[in-house]
Asker: 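Take this structure first; my questions come after.
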Amino acid sequence: MSEPLRIALAGLGTVGTGVIELLETNRSMIERRAGRALEIVAVNARDRTRDRGIDLTPYAWVDDMQAMAGRVDVDVVVELVGGSDGPALTLARAALDEGKAFVTANKAMIAHHGLSLAEQAALRGVPLKFEAAVAGGIPVVKGLREGAAANRIERIYGILNGTCNYILSEMERTGADFGDMLRAAQEKGYAEADPTFDVEGVDAAHKLAILAAIGFGARVNFDGVEATGIGEVRAADITQAGTLGYVIRLVGIASLDQSGAEAALLQRVRPCLVARGHPLAAVTGPTNAVVAEGNFSGRLLFQGAGAGAGPTASAVVADLIDIARGDSGAPFSVPVEELEKFAPADPGNRVGRDYIRFTVTDRPGVLAEITAAMRDAEVSIESLIQRGRDHEGGEVLVAMVTHEGPERCVSKALALLDGSPSLTAPPLVMPILKD
Ligand SMILES: NC(=O)C1=CN([C@@H]2O[C@H](COP(=O)(O)OP(=O)(O)OC[C@H]3O[C@@H](n4cnc5c(N)ncnc54)[C@H](O)[C@@H]3O)[C@@H](O)[C@H]2O)C=CC1
Ligand SMILES: N[C@@H](CC=O)C(=O)O
Ligand code: NA
């Protein structure tokens, strides 16, 4: 058997402690599969004295995280600290610079700096791996990079944030309110250190940017992702959607828009209506699911735990096993210098159906004003529901579903209504996910 793969582990929170537990529990099986032992030699976290429920005495404690990069007894640095910049990025750069393999679960860092880190890794000829950064324990990076490598990917979409999916599906199941469900998601360890990243769609946008890069051979472009979170989704929307045969899910979608002279990349994260019969509608709780449509494979569905200690550790250790076996392939499926630079697609070109919810004052003529704007913008209405008011002159919800049409027409209709005294809040538009 070869020499052990020697690991330095930075960050001993939810994921870091999960990695130690997994390596301890499955030690001999992993050694057989990897062809060599995976041995943690050094660990670091902010607080040495904290009781993490695991025994850290077998490992050297390093006070300065950055010192791990230069250790001669280390082959691979694992970063489980978090944050797109700061110490995580400094460590990544230093480790790659020292010619160490680098493994991370940090989607924020890969979404922002994945391209330059991949360039650095290529320059030094060392592996850079981030399976845990996209959809936690689901082997979707590997699935796309290896399993679906023979295909041209037509579209990738999915439920990429466990916290939001937990909140939406629990609101749907129990009628509970948003705040209580967010607290529960935090207590269960699904949420990011800053949960606004989850609820505002930023975390899902990080993951989508990485997925799109792998699926389309594109340069990672987080700034090209249009992200809307779930903060505006009301219990009433969930009920209305249910009446119409849909559930609401936060969905990240990436596809190539071929309508112009040059292909452009559409990357967006939006709360969407998902038909009850669609596989994503059955995805509840913190579960993630990714659908990739390949031109030969057809629809591939990857589903599983997108967060939590065990599943995320499973992805981190899978990367370590790959490194132990000698895999040093391109992190984004094609060599970094061949990644294409796509312009962001105009979302107005999207042709689809939308759910639009208006909150209006209940007085004569309001509905006529809304439908006139739809007519003038050439938006065809498929169905319309008006919910009864609470009191005379009170707020009323008007929800409609459009026929298929260009998204720019819906935007035009909303622009026509902008500033109307009849609307008590900005309308909420949720695309209806295409099968
Ligand atoms: N928790 C989850 O389910 C998932 C987490 N991730 C990612 O994994 C990474 C780690 O996440 P968690 O384990 O949940 O975080 P955590 O907050 O539980 O743990 C972070 C660890 O890093 C240490 N740390 C933070 N800032 C530090 C600093 N400035 N200097 C030294 N140590 C520092 C903390 O002491 C702690 O040990 C993040 O990038 C996160 O986005 C990815 C997928 C799922
Ligand atoms: N906060 C994330 C954790 C994993 O990436 C989520 O809720 O999905
Ligand atoms: Na993954």
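Counting convention: from 1, in listed order, for ligands and their atoms alike.
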Asker: May I ask you to identify, for Ala132, whether its side chain, its backbone, both or neither come under 4.0 Å of ligand 1 on a heavy-atom basis?
Answerer: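 Under 4.0 Å from ligand 1, Ala132 contributes backbone atoms alone.
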Asker: If you take the centroid of each ring, where Trp contributes its six-membered ring, are Phe130 and Phe332 closer together than 6.0 Å?
Answerer: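 Distance test on ring centres: under 6.0 Å, yes.
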Asker: Counting only nitrogen or oxygen atoms and a 3.5 angstrom limit, does Arg46 reach ligand 1?
Answerer: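 Yes; the residue has a nitrogen or oxygen that sits under 3.5 Å from a nitrogen or oxygen of the ligand.
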Asker: Nearest to atom 33 (C) of ligand 1, what protein heavy atom do you find, and at what distance?
Answerer: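 Here the closest protein heavy atom is Val81 CG1, 3.8 Å.
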Asker: Should you measure from each heavy atom of Tyr190, which atoms of ligand 2 turn up under 4.0 Å away?
Answerer: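 Here the atoms of ligand 2 in question are 1 (N), 2 (C), 3 (C), 6 (C), 7 (O).
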Asker: Under a 4.0 angstrom heavy-atom cut-off, which atoms of ligand 1 come close to Ala307?
Answerer: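 It comes down to these atoms of ligand 1: 3 (O).
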Asker: Show me which atoms of ligand 1 lie under 4.0 Å from any heavy atom of Leu80.
Answerer: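 By the 4.0 Å cutoff, the relevant atoms are 10 (C), 20 (C), 21 (C), 22 (O).
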Asker: What's the shortest distance from atom 3 (O) of ligand 1 to any protein heavy atom, and which residue and atom give it?
Answerer: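 Of every protein heavy atom, Gly308 N, 2.7 Å lies nearest to atom 3 (O) of ligand 1.
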Asker: Can you sort out which atoms of ligand 1 are near Met65, meaning under 4.0 Å from one of its heavy atoms?
Answerer: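 With Met65 as reference, the close atoms of ligand 1 come out as 30 (N), 31 (C), 32 (N).
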Asker: Could you tell me whether a side-chain N or O of Lys100 sits under 3.5 Å from a main-chain N or O of Val74, the two making a donor and an acceptor?
Answerer: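 A pair under 3.5 Å: yes.
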Asker: Between Pro195 and Leu182, what is the shortest heavy-atom contact and its length?
Answerer: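 For Pro195 versus Leu182, the nearest heavy atoms are CB-CD1, 4.1 Å.
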Asker: Taking the six-membered ring for Trp, are Phe216 and Phe342 ring centroids under 6.0 Å apart?
Answerer: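 Aromatic pair excluded; centres sit 6.0 Å or further apart.
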Asker: Any sub-3.5 Å donor-acceptor pair from Asn161's side-chain atoms to Ala204's backbone N or O?
Answerer: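 No.
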Asker: Side chain, backbone, both or neither: which part of Met109 has a heavy atom under 4.0 Å from ligand 1?
Answerer: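 Within the 4.0 Å criterion, Met109 makes no contact with ligand 1.
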Asker: Ignoring hydrogens, just give me the one of Ala191, Gly162, Gly11 whose non-hydrogen atom is nearest atom 23 (C) of ligand 1.
Answerer: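 Closest candidate by heavy-atom distance is Gly11.
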Asker: Provide the number and element of each atom of ligand 1 under 4.0 Å from a heavy atom of Gly82.
Answerer: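 That gives atoms 38 (C), 39 (O) of ligand 1.
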Asker: Hey, which atoms in ligand 1 end up nearer than 4.0 Å to a heavy atom of Leu12?
Answerer: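 In order of number, 21 (C), 36 (C), 37 (O).
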Asker: In the protein, what heavy atom is nearest to atom 8 (O) of ligand 2, and what distance, to one decimal place, separates them?
Answerer: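 The protein heavy atom lying closest is Gly162 N, 2.7 Å.
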Asker: Considering only the protein, which heavy-atom contact is closest to atom 4 (C) of ligand 2, and what is its distance?
Answerer: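 The closest one turns out to be Lys107 NZ, 3.1 Å.
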Asker: Does the Thr312 side chain pair with the main chain of Val15, one donor and one acceptor, at a distance under 3.5 Å?
Answerer: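 No; zero donor-acceptor contacts below 3.5 Å.
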Asker: Could Asp327 and Arg145 be called an ion pair, given the rule that one side-chain N must be under 4.0 Å from one carboxylate O?
Answerer: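 Salt bridge between Asp327 and Arg145, a charged N being under 4.0 Å from a carboxylate O: yes.
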Asker: Should we say atom CD of Glu262 is surrounded by more than 12 heavy atoms from elsewhere, each under 6.0 Å from it?
Answerer: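 It does not: Glu262 CD has 12 such atoms or fewer within range.
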Asker: State whether a side-chain donor-acceptor pair under 3.5 Å links His113 with Asp85.
Answerer: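 Result is yes, a qualifying pair exists.
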Asker: If I take every N, O or S atom of Ala132, is at least one of them less than 3.0 Å from the Na ion (ligand 3)?
Answerer: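 It does not; every qualifying atom lies at 3.0 Å or beyond.
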Asker: Checking Ser314 side chain against Gly310 main chain: does a donor-acceptor pair fall under 3.5 Å?
Answerer: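 Not a single qualifying donor-acceptor pair exists.
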Asker: Do Leu265 and Asn221 come close enough that some side-chain heavy atom pair is under 4.5 Å?
Answerer: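 No. Closest side-chain heavy atoms not under 4.5 Å.
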Asker: May I ask whether Gly136 places a heavy atom under 4.0 Å from ligand 2?
Answerer: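 No, Gly136 has no heavy atoms under 4.0 Å from ligand 2.
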Asker: Are there more than 12 heavy atoms of other residues, nucleotides or ligands under 6.0 Å from atom CZ of Arg52?
Answerer: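 Correct, the count exceeds 12.
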Asker: Have Asp237 and Tyr355 got a donor and an acceptor in their side chains that come within less than 3.5 Å?
Answerer: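 A donor-acceptor contact under 3.5 Å links the two side chains.
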Asker: For Lys207, take its heavy atoms, then give the atoms of ligand 2 lying under 4.0 Å from any of them.
Answerer: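 So the atoms of ligand 2 that pass are 2 (C), 4 (C), 5 (O), 6 (C), 8 (O).
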Asker: Return the residue, atom name and 0.1 Å-rounded distance of the protein heavy atom closest to atom 11 (O) of ligand 1.
Answerer: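 Checking every protein heavy atom, the shortest distance to atom 11 (O) of ligand 1 gives Val15 CG2, 3.9 Å.
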Asker: Check each atom of ligand 1 against the heavy atoms of Glu192 and keep those under 4.0 Å away; list them by number with element.
Answerer: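 Those atoms are 40 (C), 41 (O).
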Asker: Heavy-atom distances under 4.0 Å are what count here, so tell me which part of Pro87 touches ligand 1: side chain, backbone, both or neither.
Answerer: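 The part of Pro87 near ligand 1 is the side chain, not the backbone.
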Asker: What part of Thr163, side chain from CB on, backbone N/CA/C/O, both or neither, has a heavy atom under 4.0 Å from ligand 2?
Answerer: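 Thr163 to ligand 2: contacts from backbone and side chain alike.
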Asker: Check whether any N, O or S atom of Gly306 sits under 3.0 Å from the Na ion (ligand 3).
Answerer: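 Given the 3.0 Å cut-off, Gly306 does not count as a ligand of the Na ion (ligand 3).
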Asker: Please state which part of Asn106 comes within less than 4.0 Å of ligand 1, counting heavy atoms only: side chain, backbone, both or neither.
Answerer: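 Both backbone and side chain.
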Asker: Please state which part of Thr312 comes within less than 4.0 Å of ligand 2, counting heavy atoms only: side chain, backbone, both or neither.
Answerer: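 For Thr312, there is no contact with ligand 2 at all, from either part.
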Asker: Under 4.0 Å from a heavy atom of Gly306: which atoms of ligand 2 are those, numbered in the order shown and with their elements?
Answerer: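 Within the 4.0 Å cut-off of Gly306, ligand 2 contributes 4 (C), 5 (O).
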Asker: Look at the N, O or S atoms of Gly136, main chain and side chain alike, and state whether any lies under 3.0 Å from the Na ion (ligand 3).
Answerer: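 An N, O or S atom of Gly136 is closer than 3.0 Å to the Na ion (ligand 3), so yes.
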Asker: Taking all non-hydrogen atoms of both residues, which atom of Ile238 and which atom of Met171 are closest, and how far apart?
Answerer: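 Closest approach of Ile238 to Met171: CD1-CB, 3.7 Å.
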Asker: Looking only at N/O atoms, are Ala191 and ligand 2 under 3.5 Å apart anywhere?
Answerer: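 Such a contact does not occur with ligand 2.
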Asker: Taking the six-membered ring for Trp, is the centroid-to-centroid distance between His206 and Phe197 below 6.0 Å?
Answerer: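 Ring centres of Phe197 and His206 closer than 6.0 Å.
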Asker: Please check atom 15 (O) of ligand 1 for a protein heavy-atom neighbour under 4.0 Å.
Answerer: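 Looking at atom 15 (O) of ligand 1, one finds that no protein heavy atom lies closer than 4.0 Å.
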Asker: Which of the numbered atoms in ligand 1 are below 4.0 angstrom from a heavy atom of Ala45?
Answerer: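 In order of numbering, the contacting atoms are 32 (N), 35 (O), 37 (O).
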